[in-house]
There are 2 protein chains.
Amino acid sequence: MKTQENLFSPIKSKGIFEEVSSNIKRLIFDGVLKPGDRLPSEIELANQFSVGRQTIREALRILELSGFITVQKGGSGGPLIKDTIINTISDLFLDAFRMEKISIEELTIARLEIEKMVLNHVMDNLTDLDIEALEQNVAAAREKIEGNMMANEENIEFHNLLAKASKNHVFVIVVGSIAAVLRNLLSRLSPGVGTAGDPGGYDKSILMSGNAVRYHEEILSAIIEKRRDAAMELLEQHLIEVSHRIKTLID
Amino acid sequence: MKTQENLFSPIKSKGIFEEVSSNIKRLIFDGVLKPGDRLPSEIELANQFSVGRQTIREALRILELSGFITVQKGGSGGPLIKDTIINTISDLFLDAFRMEKISIEELTIARLEIEKMVLNHVMDNLTDLDIEALEQNVAAAREKIEGNMMANEENIEFHNLLAKASKNHVFVIVVGSIAAVLRNLLSRLSPGVGTAGDPGGYDKSILMSGNAVRYHEEILSAIIEKRRDAAMELLEQHLIEVSHRIKTLID
DNA sequence: TCACATTTGTCCGTATGTATC
DNA sequence: AGATACATACGGACAAATGTG
């Protein structure tokens, strides 16, 4: 029963590969290595640390799955410092949702509540840059709709941009994760929807997508004009409609 | 430029080790493999998948860092299915803190908003079983406090039980993740606090812990008596006080 | 207490696939 | 198209750790 978790020096605990990844992590935390910098190749790292290549590979795998680096194959490739922690956290939330077998009802209820909460924060922290990004998003979405194309990616991004405008990264992660789950569900229910230039999507799906864009435009207007209650009401209507759309797809 | 993302069979895209980990992941999602089950040894897996042992190792490393398995060395050891996604998320949150992607302020604001939202749902969906679990929790916490021991685990669990009482798994995961981050932070800031029977904890930390228990008791009473506004007010006071406690620990 | 078997951890050598120049 | 550089993958070997008899 002595489950003493030694939190002070988590290094040295498991093996060399963890120590190597911790060392590189520390360099990133201390600012010695910044996003965009290149790490030496595996062979080079193996020589510098005086360890085997497999050990380096597992250390790099840790860093990759922790969102600190990406690895590119081929010539002039190799490990690249890149900050993707937020995305990594979102991925794990997605896994957690899938493990718990979340129902559509639960997800839509939670989404509705959380996004309303986020919107409240947006109204208090909105900047011109946020407005610009949101306007750009709905413009791009409208353009696609007018070209008879789905605008699903843009529509999902609208909600992510809204979360960003709340100036709270926790909200960004949570909203982004829920959006990822929904996108996952939609792509399973109506295949080919997310792909660009899908020639088979000339059905009511485009109408729904266009409808969402109109809602986004109205919500954005209400936000800009500081009409808080109207924005909340529109958001609620929009999300309820989306949930209905998903339900009809399931049947 | 042919970046066609095939959402139906994302396998074969990156490499063999990702395909292996995806296969095992799928088995876990589908319930074929459940927490507590043992995976074959690395050599056995290598034979069954007809791949090298190094490939298996990297696949297992992915699963470990994604919170799906743990790996034990030695005789009768090996890969063990275990759901630790929430802990993994909290670890990444800590990394995000260190990378200054998330601040304590953001986290406490998000926690306050989310738990208030959850409490509202709890008031509408409370059952006798939830009440029983919550009462048992505060009773256990009080017992520890009266024995001059910290009740941090119980106090954190109180909030998780609250989330469960909302009957929404999304809330459970979000609240659980935030709680895990806070527990992780607290254990780093005030070492030895989480361990049972810590003889060095006879300081103001126990007072704070006891204070939290009192708040929990009052909140629970308000919930049972359907005093919604009072419960919300108490919860808000409680969480603000906790955030102050964390801030003072950081300075 | 002491081997013993099992399993992960680590290293080496080599070959292949892949992206860049 | 060819050369180069790099990750990816295979097989074999030994060391270290851990539970079991």
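One N or O on the side chain of B:Asn168 and one on the backbone of B:Val170 form a donor-acceptor pair closer than 3.5 Å.
Contact of the B:Leu107 side chain with the B:Leu182 side chain is registered, since non-hydrogen atoms from C-beta on lie closer than 4.5 Å. Between A:Phe158 and A:Val213, the closest side-chain pair of non-hydrogen atoms is not below 4.5 Å. Side-chain atoms of A:Leu161 and A:Asp130, non-hydrogen and from C-beta on, never get closer than 4.5 Å to each other. The closest side-chain heavy-atom distance from B:Leu65 to B:Arg61 is below 4.5 Å. Within the 4.5 Å cutoff, side-chain heavy atoms of B:Asp83 are placed close to those of B:Ile85.
Note that the first and last nucleotides of DNA chain C, 5' to 3', having any atom under 4.0 angstrom from a heavy atom of chain A are C:dT10 to C:dT20.
The pair A:Arg142-A:Glu154 fails the salt-bridge criterion, with no side-chain N (NZ, NE, NH1 or NH2) lying under 4.0 Å from an Asp/Glu carboxylate O. By the 4.0 Å N-to-carboxylate-O rule, B:Glu153 lies too far from B:Lys144 to be salt-bridged with it.
If you check every strand for non-hydrogen atoms under 4.0 Å, A:Arg38 touches nothing. Within 4.0 Å of A:Pro40, counting heavy atoms only, lies no atom of the nucleic acid at all.
Ranked by how close their nearest DNA chain C nucleotide is to the 5' end, A:Thr55 and B:Ser41 are led by B:Ser41.
Remark: B:Phe17 pairs with no residue by the ring pair (Phe, Tyr, Trp, His ring centres under 6.0 Å) rule, at least two apart or across chains.
Computed from coordinates, the A:Arg61 CZ to D:dA7 P distance equals 10 Å when rounded to whole Å. One can place CD of B:Glu58 at 12 Å from P of D:dA7, the figure rounded to the nearest angstrom. Here the C1' atom of nucleotide D:dA7 and the CZ atom of B:Phe17 are 9 Å apart, to the nearest Å. In this structure, A:Glu42 places its CD atom 8 Å from C1' of D:dC6, rounding to the nearest Å. Atom-to-atom, CZ of B:Phe49 to C1' of D:dC10 comes out at 17 Å; the value is rounded to the nearest Å.
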Provide a list of protein-nucleic acid N or O atom pairs under 3.5 angstrom, restricted to nucleotides 11-17 of chain D.
residue	atom	partner	partner atom	Å
D:dA13	N6	B:Arg53	NH1	3.3

